[in-house]
Amino acid sequence: MKVLIVGGVAGGATAAARIRRLDEKAEITVFERSGYISYANCGLPYYIGDVITDPEDLTLQTPESFFTRFRINMKVHHEVTAVHPDKKTISVKNLELGEEFEEAYDKLILSPGAKPTQPRLPGVGIEKLFTLRTVEDTFRIKEYITRHQPKSAVLAGGGFIGLELAENLRDLGMDVTIVQRPKQLMNPFDADMASFIHSEMRRHGVTLALGYTVEGFEEKDGGVDVLLKDEAPLHADMVVLAIGVTPDTQLAKDAGLELGIKGSIVVNDRMETSAPDIYAAGDAVQVKHYVTGQDALISLAGPANKQGRIIADNICGGSSRYLGSQGSSVIKVFDMTAAVTGVNETNARKAGLNVDTVILSPMSHAGYYPGGRVMTMKVVFEKETYRLLGAQIVGYEGVDKRIDVLAAAIHAGMNAVELKDLDLAYAPPYSSAKDPVNMAGFMIDNISRGLLKQWHMKDLDVLPRDGSVTLLDVRTAEEYSGGHIEGFQNVPVDELREHLDEIEKEKPVYLICQSGLRSYIAARILEGNGYKAYNFSGGFRFYDAVVNDRYLIETAAACGMDQ
């Protein structure tokens, strides 16, 4: 059996190694356009920032080591220029020698990945404008920084690469601005949760120009002007385009393969394309979202590796299936960690799901053990069925642990109430006896039993201020004086029972505290005394973060870029 593979990074390299483990006699050749195989895309920004100092650490394997261990031919600097499904051949160009040739296959795997989205804007292609996808791109940026010592950079785009690069350039002492059209960073997060990410970026000196449309680039005064619609240009010594990725599927298109979202390759759950004996994996393929069942593009290393393994199994006579992508991911944001799995509230509603959420602010470990830090969790679930749909967490230590538990729960088909029953490890340095994941489950269980009724940020603007409802802030007087929502009266929870005769029973009571715990206790006191009470989801801490973030974004839009 002769297997040819286009692309030698995540999906392609994984498929090659797995095929060899399953079939010692298969003839396997991988064609990689760049000079490197099996490299860690996610590690590239950290080489630029000197966190990773040895360039060899970026590559997990070399063509030589791959051949020594697996007897697989890794042909770097070889570009596949055409696929001929009718003849079962591919056309290849040796980029070093300029030679072109055809190669026949029994099975073909397409794993070309995705390329940085290059908008058709004036100035794209100028010398000081960079993209970051390959090891060569990384070396090009690093060499430019080393040689020219730029003092400032504009990053167009606020996704994973944009944030990781912003942190690393700041660590090199550069002034960094992130500019993009959406008014939030990190699209997998809801806007309210993204506000915590924004705050951390600003705290470390990154300027956020959110809600601005880039219209072009222009070399000026030894640097680059980033031209903005209806705004003065941003000037910097260098610019990196990080506005997203596009499936690199021209080969598939020219070969007549069925294409899907943004030109991605359509595959079935065996990772087979529309052409016989041609498989595809990685960032170039359209997948099913594990939660919604809808077609999706999810560019992450984990799914690409799993898909490569599935292809290898099926090529070698097995019957493996890809169940879909869940979008589980985590990112370091300076001192913080942000993580997400499943669908956020915004996308769940767009998918037509009837959803609810809980927002909580648990400690990373037992409060009495030194060093605990608050994290903010948002768990999304379906009303009526309580199907667990997704979660977002922003905090410090312990974020990655909790998101993985929630990701496993979603994959296992647990409903959100069942989170309360998970038997999770506890010791004071690592968690609390009631783990944050359990706490989310307790809250959702209370909702299912009618013990907890919530109101949310979206309800604030329509909350009656005509006296028809009672608005109570049950924090301490000191906390209340440090900031509160206009119209809310202060009655500390520990004094609430003594003031019940001052609260009209016929009026619904809307409650808020710092994190949501004391106001829940207040709600139970009121409910036990015949009142109808609603607890604010997230507490004043959450409200304050979201409102301040909105204010900063709006102020920046009105007054320029100085945030």
Side-chain angles (χ1 to χ4, degrees), residues 3-17 28-48 52 54-68 70 72-83 90-101 103 108-118 124-125 127 129-145 160-161 164-165 240-242 244-252 254 265 280-285 299-301 304-305 307-308:
V3 182
L4 302 183
I5 301 174
V6 181
V9 191
T14 295
I28 308 167
T29 303
V30 179
F31 297 101
E32 169 58 43
R33 181 169 46 198
S34 75
Y36 299 88
I37 62 157
S38 194
Y39 58 83
N41 296 75
C42 300
L44 301 182
Y46 297 98
Y47 176 74
I48 293 170
I52 299 170
D54 187 345
E56 292 187 2
D57 289 340
L58 295 174
T59 53
L60 308 176
Q61 294 278 359
T62 65
E64 295 76 20
S65 68
F66 227 92
F67 183 81
T68 299
F70 297 111
I72 292 171
N73 296 308
M74 285 284 185
K75 301 288 188 181
V76 297
H77 294 134
H78 280 67
E79 181 176 10
V80 176
T81 57
V83 175
I90 61 173
S91 298
V92 186
K93 182 176 183 179
N94 184 325
L95 298 178
E96 292 179 342
L97 303 177
E99 297 175 348
E100 298 187 36
F101 58 93
E103 190 86 19
L108 176 65
I109 302 172
L110 301 178
S111 186
K115 55 189 176 183
T117 302
Q118 292 264 24
V124 169
E127 183 183 1
L129 184 63
F130 301 89
T131 58
L132 182 57
R133 178 198 181 196
T134 66
V135 175
E136 286 92 342
D137 294 336
T138 308
F139 291 161
R140 196 174 300 117
I141 294 172
K142 185 66 174 174
E143 182 183 359
Y144 179 82
I145 292 173
F160 286 95
I161 291 295
E164 290 169 346
L165 198 51
V240 181
L241 277 179
V245 293
T246 303
D248 193 355
T249 56
Q250 191 63 46
L251 275 177
D254 293 343
I265 304 170
D283 296 352
V285 304
S299 300
L300 294 168
N305 279 279
Q307 292 159 12

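Note that the coordinates shown come from a computational prediction; the quantities given were computed from them, not determined experimentally. Keep in mind that the numbers below use all heavy atoms, side chains included, and drop hydrogens, waters and symmetry copies.
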When you measure from the side chain of Glu32 to the backbone of Gly8, do you find a donor-acceptor pair of N or O atoms at a distance under 3.5 Å?
yes
Please check if the side chain of Gln307 supplies one atom and the backbone of Gly282 the other of a donor-acceptor pair under 3.5 Å.
yes
Work out which heavy atom in [X] is nearest to a heavy atom in [Y]; give both atom names and the distance.
X	Y	value
Ala16	Ile28	O-CD1, 3.8 Å
Pro45	Ile161	CG-CD1, 4.3 Å
Leu251	Ala82	CD2-N, 3.4 Å
Val76	Ser34	CB-O, 3.5 Å
Arg140	Asp137	NH1-OD1, 2.8 Å
Ile90	Phe31	CD1-CE1, 3.7 Å

Just jot down the side-chain contact (heavy atoms from CB on, under 4.5 Å) partners of Ala13, sequence neighbours excluded, or say none.
Ser38, Phe66
Any heavy-atom pair between the side chains of [Y] and [X] that's under 4.5 Å?
X	Y	value
Thr131	Val240	no
Lys75	Thr29	yes
Leu241	Phe130	no
Val6	Ile109	no

Residues forming a side chain to side chain donor-acceptor pair (under 3.5 Å) with [X], sequence neighbours excluded:
X	answer
Asp254	Gln250
Asp283	none
Asn305	Thr14

Evaluate side-chain contact (heavy atoms from CB on, under 4.5 Å) for Glu100 paired with Val92, printing each intermediate quantity in order.
CA-CA 6 Å; Glu100 298 187 36; Val92 186; over 6 Å; no
Would Tyr36 and Phe139 satisfy side-chain contact (heavy atoms from CB on, under 4.5 Å), going step by step from the backbone distance to the final call?
CA-CA 12 Å; Tyr36 299 88; Phe139 291 161; 3.1 Å; yes
With Glu64, which residues qualify under salt bridge (Lys or Arg N to Asp or Glu O under 4.0 Å), at least two apart?
none
If the condition is salt bridge (Lys or Arg N to Asp or Glu O under 4.0 Å), which residues does Arg33 pass it with, not counting sequence neighbours?
Glu79, Asp248
Ser65 vs Thr68, test: side chain to side chain donor-acceptor pair (under 3.5 Å). Steps then yes/no.
CA-CA 5 Å; Ser65 68; Thr68 299; over 6 Å; no
How long is the straight-line distance from [atom2] of [Y] back to [atom1] of [X], given to the nearest 0.5 Å?
X	Y	atom1	atom2	answer
Ile72	Ile5	CD1	CD1	7.0 Å
Ile48	Ile141	CD1	CD1	4.0 Å
Glu164	Leu132	CD	CG	9.0 Å
Asn94	Glu96	CG	CD	6.0 Å
Ile52	Leu44	CD1	CG	8.0 Å

Start with the C-alpha gap between Leu4 and Glu103, add the side-chain angles, then the distance that decides, and say whether side-chain contact (heavy atoms from CB on, under 4.5 Å) holds.
CA-CA 8 Å; Leu4 302 183; Glu103 190 86 19; 3.5 Å; yes
Could you check whether the rings of His78 and Phe101 sit parallel, tilted or perpendicular, using 30° and 60° as the cut-offs?
perpendicular
Is a donor from one side chain sitting under 3.5 angstrom from an acceptor on the other, for Thr117 and Thr246?
yes
More than 12 heavy atoms of other residues, nucleotides or ligands under 6.0 Å from NZ of Lys93: yes or no?
no
